[in-house]
2 protein chains.
Amino acid sequence: MDSKDISQAVVSRLPRYHRFLSELKDQGIERISSAELSDLMHVTASQIRQDLNNFGGFGQQGYGYNVDYLYEEIGHILGLDMRHNLIIVGAGNLGQALANYVNFDRRGFHTKGLFDSDPHMQGVIVRNMPVRPMSELEDFIRENSIDIAVLTIPKEAAIEVADRLIGCGIKGIWNFAHIDLDVPPNVRVENVHLSDSLMKLSYNLRDLG
Amino acid sequence: MDSKDISQAVVSRLPRYHRFLSELKDQGIERISSAELSDLMHVTASQIRQDLNNFGGFGQQGYGYNVDYLYEEIGHILGLDMRHNLIIVGAGNLGQALANYVNFDRRGFHTKGLFDSDPHMQGVIVRNMPVRPMSELEDFIRENSIDIAVLTIPKEAAIEVADRLIGCGIKGIWNFAHIDLDVPPNVRVENVHLSDSLMKLSYNLRDLG
DNA sequence: GATACTTTGTGAAATTTTTGCCAAGCAGAT
DNA sequence: ATCTGCTTGGCAAAAATTTCACAAAGTATC
């Protein structure tokens, strides 16, 4: 149904549509036209229609889009109706912050375990979960059907850990380490390079009063 | 010197160049051609040359690019040689994680203060800084020449806080709240929507064995 | 049920981004 | 000092993305 060759530019916009539709739902709004959504989101109505049409016709002439239906459909496209089991590798500040992030559960992303190589961190409890040693990584992944790993470790360790994760069948890596991971074609990496983002902000601040 | 109409697509790639050049520097490599860098980074050599040429000719025929020089130049383009004073608004897990992130200091981003609306957080020490009440926000910004605010608060509070920040002259907002901020044209927002990123990973995992 | 209005889906145009290509020019060897 | 080979800078082509524009098809009203 969902075809394969959707550009990442389009995919990147889907979560934002999903977010705005969620807001509209909360406000009890039942229908919306691409023109209204366009005003709200500050993108062209044409782009909205074009984006959605990549996945099928969700609207109706003369009516617009049903908010609930479109919300559900985009959620489905994004795979939010699937269950994902995560582990967090690296129980530092960022790893703990993500572990405590409740909203991920609501979207079907369930954190099942935390790992850290630091002996002092072993057994520390984060959100009812003990921090585990790296030696337990492989067994834990297999026993708990983990499909996504969150990498919140220094770049020096990232490649080696990524290889171990891939070795035991991890399919998705949410990478917060400041390094590019080279992975086989059947593994997906989504990078969150915070420094890069901050540098971008810095650039955009350059020529400002 | 740096012209105004550089596309954000190009800007987004600069931090990655900067990162790779940093690695090359660490390895003691003095010069590199666009072709070699192309192999390393998995982008076309043509794109590298095109990107860099937006800001001037940093290379030399028959030689390539001097690693140190190019690193410095990109750092300069990104404004990394300027000093930025930050505050973090929202001293939850994520805010604290960012406060403890040492690398930002090395790039000229100095965290000067932390704020939180929760009375229980007042005075808690994070990286030698006391968490301050929101009532001190305006005075603190003015007295410490703060130009960037990091927003790590729930979306419900984000718009109001952003307005206060803008009101006292904040120029850049690094926004981690799951909401779009509407700001005047002389204020720059860089969004880090973690949920969006995770949803993108989810999408890309859909049709995988 | 007919009419007027609204709004989608979509092909085509416009724009932006990326890639290909090569003359110009520097480096390094002799 | 000259020659050979390498590599950039920049123009042109190609590809991708975004916007335009409108027929088709529905809604709402009378």
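Residues satisfying the salt bridge (charged side-chain N to carboxylate O under 4.0 Å, His left out) criterion with B:E143, sequence neighbours excluded, are absent altogether. Residues passing the salt bridge (charged side-chain N to carboxylate O under 4.0 Å, His left out) test with A:E72: none are found, sequence neighbours excluded. Partners of A:R16 according to the salt bridge (charged side-chain N to carboxylate O under 4.0 Å, His left out) rule, which considers only residues two or more places apart in sequence or in another chain, are B:D180. By the ring-ring contact (aromatic ring centres under 6.0 Å, His included) test, A:Y65 pairs with no residue at all, sequence neighbours left out.
For the helix from C:dG1-D:dC30 to C:dT30-D:dA1, the axis fitted to the five pairs at one end and the axis fitted to the five pairs at the other end meet at an angle of 30° (nearest 10 degrees).
Considering only side-chain N and O atoms, B:S7 lies nowhere under 4.0 angstrom from the phosphate OP1 or OP2 of C:dT16. Using a 4.0 Å cut-off, no side-chain N or O of B:Y65 falls inside it from OP1 or OP2 of D:dC6.
At whole-Å resolution of the value, CD1 in A:I6 and C1' in D:dT17 are 13 Å apart. Rounding to whole angstrom units, CG of residue A:D5 and C1' of D:dT17 are separated by 14 Å. Atom CG in A:N54 sits about 11 Å away from atom C1' in D:dT17, given to the nearest Å. Spacing between atom CD of A:Q8 and atom C1' of D:dT18 amounts to 18 Å, rounded to whole angstrom units.
The stretch residues 39-53 of chain A comes close to DNA chain D through A:T44, A:S46, A:Q47, A:R49, A:Q50, each having a heavy atom under 4.0 Å from the strand. Of all the residues in residues 19-30 of chain A, not one reaches under 4.0 Å from DNA chain D with any non-hydrogen atom.
Considering only heavy atoms from C-beta on, B:L24 comes within 4.5 Å of B:L40 through its side chain.
Salt-bridge annotation for B:D116 and B:R132: absent, with no side-chain N of the basic residue lying under 4.0 Å from a carboxylate O of the acidic one.
Residue pairs that meet the ring-ring contact (aromatic ring centres under 6.0 Å, His included) test with at least one member in residues 78-101 of chain A, sequence neighbours left out, are A:H84-A:F109, A:Y101-A:F104, A:Y101-B:H178. The list of salt bridge (charged side-chain N to carboxylate O under 4.0 Å, His left out) pairs with a residue in residues 81-110 of chain B, not counting sequence neighbours, reads B:D105-B:R127. For residues 154-163 of chain A, there are no side chain to side chain donor-acceptor pair (under 3.5 Å) pairs, not counting sequence neighbours. Residue pairs that meet the salt bridge (charged side-chain N to carboxylate O under 4.0 Å, His left out) test with at least one member in residues 45-60 of chain B, sequence neighbours left out, are B:R13-B:D51.
Among the candidates B:I74, B:I29, B:D68, the single residue satisfying the side chain to side chain contact (heavy atoms under 4.5 Å, CB included) test with B:L21 is B:I74.
Side-chain contact annotation: A:E36 with A:S33, donor-acceptor N/O pair under 3.5 Å present. Side chain to side chain, B:N204 and A:Q8 meet the donor-acceptor criterion of an N or O pair below 3.5 Å.
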Just the table, please: protein N/O against nucleotides 24-27 of chain D N/O, every pair under 3.5 Å.
from: D:dA25; atom 1: O4'; to: A:Q61; atom 2: NE2; distance (Å): 3.4

